[in-house]
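Accompanying notes for the structure given below.
When a ligand or atom number is given, it counts from 1 through the structure's own listing order.
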Amino acid sequence: MTRFIDQTAIVTGAARGIGRAVARQLAAEGARIVVADINLDGARETAQACGNGSFAVACDIGEAEQVSALHAKVKADCGRLDVLVNNAAIVPFIAWDDVDFEHWRKIMRVNLDGTFLMSRASSDMMRERDYGRIVNIISNTIFAGTPNMCAYIAAKGGVFGLTRSLATELGAYKITVNGVTPGLTDTEGVQETRHKEAFEFVEMLQPIKGRNKPEDIAPAVVFLASPEAHRITGQIINVDAGMVRW
Ligand code: NAD
Ligand code: 4PL
């Protein structure tokens, strides 16, 4: 398919995991991918695999100057921005008793502030052409209240609210803003934490058995990022093999 021919897409956190799968599937349909990640080596591997003139940029989404520099480069090298996928996030496993303000701020800085900074800069560029697709990767934990992730879930709840409000603010410019809420997914990030011990329990709650893989999440993201989704904004698609209903 060729839904993204001539388009430029920024995918944050695409050095690995769900972001990489989204980047690969957008690129398979013609998009040029700007892989923005703090892991430059991984980002370069993703860009290489994507082809279409895709490139990697080292960027901490929680730092306003780095987000500005990223957008200046996209403007100079690509001249246009069609799609932003806000995927980069820290996925912590932390008991409530260990949650202090330092942890809270660390998660908010990246998962919520970073999503704001990226959305602010990208939508300003999209507005120039009266076209844009913003897709926020949220999490089904905002519905389930999953244990050991309170700051993470609070930040994702913030991204959920931002999805609805930006849909309103940006509609006049024909920019849509939607979210995807994955369930527990087998990624490198999850394998680094005790979340990996939860697969059996989570599968028990899923009507469709088996582990979610990054490649299973990406098609919903690609759909919302596509031109044909132009009448859908402020919405959430839940991709979790049916674990939660909302
Ligand atoms: P991951 O840890 O495997 O990958 C995350 C990527 O984000 C990494 O490449 C990392 O370097 C990058 N990143 C982290 N902080 C960054 C920053 N400050 N600036 C730029 N890049 C940064 O994670 P994943 O499991 O692929 O998760 C991707 C997204 O999906 C996240 O938004 C996560 O909250 C969401 N999600 C994941 C799951 C899951 O079970 N894996 C479930 C629901 C939602
Ligand atoms: C159900 O977003 O959605 C663990 C870790 N379990 O990050 C998530 C579930 C995790 C999730 C998530």
Side-chain angles (χ1 to χ4, degrees), residues 10-24 34-47 56-67 69-70 85-94 106-118 135-160 163 179-206 211-218 220-221 236-244:
I10 300 178
V11 186
T12 65
R16 68 183 194 182
I18 292 170
R20 174 175 279 187
V22 169
R24 292 294 304 269
V34 180
V35 184
D37 203 297
I38 49 173
N39 171 3
L40 185 57
D41 289 343
R44 283 186 173 138
E45 277 178 38
T46 300
V57 181
C59 179
D60 179 341
I61 60 163
E63 293 296 324
E65 315 76 54
Q66 295 187 33
V67 169
L70 166 69
V85 181
N86 280 313
N87 167 82
I90 300 170
V91 185
F93 181 103
I94 182 168
K106 174 182 153 185
I107 299 306
M108 290 296 162
R109 184 189 76 84
V110 175
N111 297 12
L112 185 55
D113 300 353
T115 301
F116 161 74
L117 290 169
M118 287 298 304
V135 185
N136 295 325
I137 308 304
I138 310 178
S139 166
N140 77 341
T141 60
I142 66 168
F143 310 122
T146 310
N148 301 306
M149 327 185 60
C150 82
Y152 174 87
I153 297 174
K156 291 294 188 183
V159 176
F160 177 54
T163 302
V180 169
T181 53
L184 178 64
T185 303
D186 197 354
T187 66
E188 293 94 326
V190 157
Q191 288 299 336
E192 285 171 7
T193 69
R194 288 189 58 201
H195 289 301
K196 68 172 182 284
E197 296 167 19
F199 279 105
E200 205 177 326
F201 177 75
V202 164
E203 277 184 63
M204 189 182 70
L205 303 174
Q206 294 174 187
R211 296 180 180 198
N212 302 310
K213 301 185 304 295
E215 295 72 26
D216 301 325
I217 310 303
V221 181
I236 299 294
I237 299 180
N238 185 49
V239 185
D240 70 348
M243 180 187 139
V244 298

inquiry  = Show the atoms of ligand 1 that are less than 4.0 angstrom away from any heavy atom in Cys59.
reply    = 19 (N), 20 (C)
message = So if I count the atoms of ligand 1 from 1 in the order they appear, which ones are less than 4.0 Å from some heavy atom of Leu184?
response = 40 (O)
query = Is the closest N or O pair between Asn39 and ligand 1 shorter than 3.5 Å?
reply = no
Short N or O contacts of ligand 2 with protein, under 3.5 Å, listed by atom name?
residue	atom	partner	partner atom	Å
ligand 2	2 (O)	Ser139	OG	2.8
ligand 2	2 (O)	Tyr152	OH	2.7
ligand 2	3 (O)	Ser139	OG	3.3
ligand 2	3 (O)	Asn140	OD1	2.7

Backbone or side-chain N or O of Tyr152 under 3.5 Å from ligand 1 N or O = yes
ask   = Would you say Asp37's side chain and Ala15's backbone share a donor-acceptor pair under 3.5 angstrom?
value = yes
Option whose closest heavy atom lies nearest to atom 1 (P) of ligand 1, chosen from Glu63, Lys106, Arg16, Arg211 = Arg16
request  = Just jot down the ligand 1 atoms closer than 4.0 angstrom to any heavy atom of Ala88, in number order.
outcome  = 7 (O), 20 (C), 21 (N), 22 (C)
ask   = Do Arg20 and Glu45 meet the salt-bridge criterion of a basic N to acidic O distance under 4.0 Å?
value = yes
task = Give yes or no for whether the N/O distance cutoff of 3.5 Å, strictly under, is met between Asn140 and ligand 1.
result = no
ask   = Are a donor atom and an acceptor atom from the side chains of Asn140 and Asp240 found within less than 3.5 Å of each other?
value = yes
request  = Nearest heavy atom to atom 38 (C) of ligand 1 wins, so pick from Gly42, Gly17, Gly62, Gly183.
outcome  = Gly183
request  = Using non-hydrogen atoms of the residue, decide whether Asp186 is closer than 4.0 angstrom to ligand 1.
outcome  = no
request  = Say whether Asn136 and Thr163, considering side chains only, have a donor N or O and an acceptor N or O under 3.5 Å apart.
outcome  = yes
Proximal ligand 1 atoms for Ile137, defined as those under 4.0 Å from one of its heavy atoms = 29 (C), 30 (O), 32 (O), 35 (C)
task = Give the numbers and elements of all ligand 1 atoms closer than 4.0 Å to a heavy atom of Gly189.
result = 1 (P), 2 (O), 3 (O)
query = Any ion pair linking Arg109 and Asp60 (charged N to carboxylate O, less than 4.0 Å)?
reply = yes
request  = Heavy-atom contacts with Val190 under 4.0 Å: which atoms of ligand 1 show up? List them by number with element.
outcome  = 39 (C), 40 (O), 41 (N)
Best match, Ile18, Ile38, Thr12, Thr185: closest heavy atom to atom 37 (C) of ligand 1 = Ile18
ask   = Ion pair present between Arg211 and Asp186, side-chain N to carboxylate O less than 4.0 angstrom?
value = yes
task = Considering the heavy atoms of Asn87, write down every atom of ligand 1 situated less than 4.0 Å from one of them.
result = 28 (C), 29 (C), 30 (O), 31 (C), 32 (O)
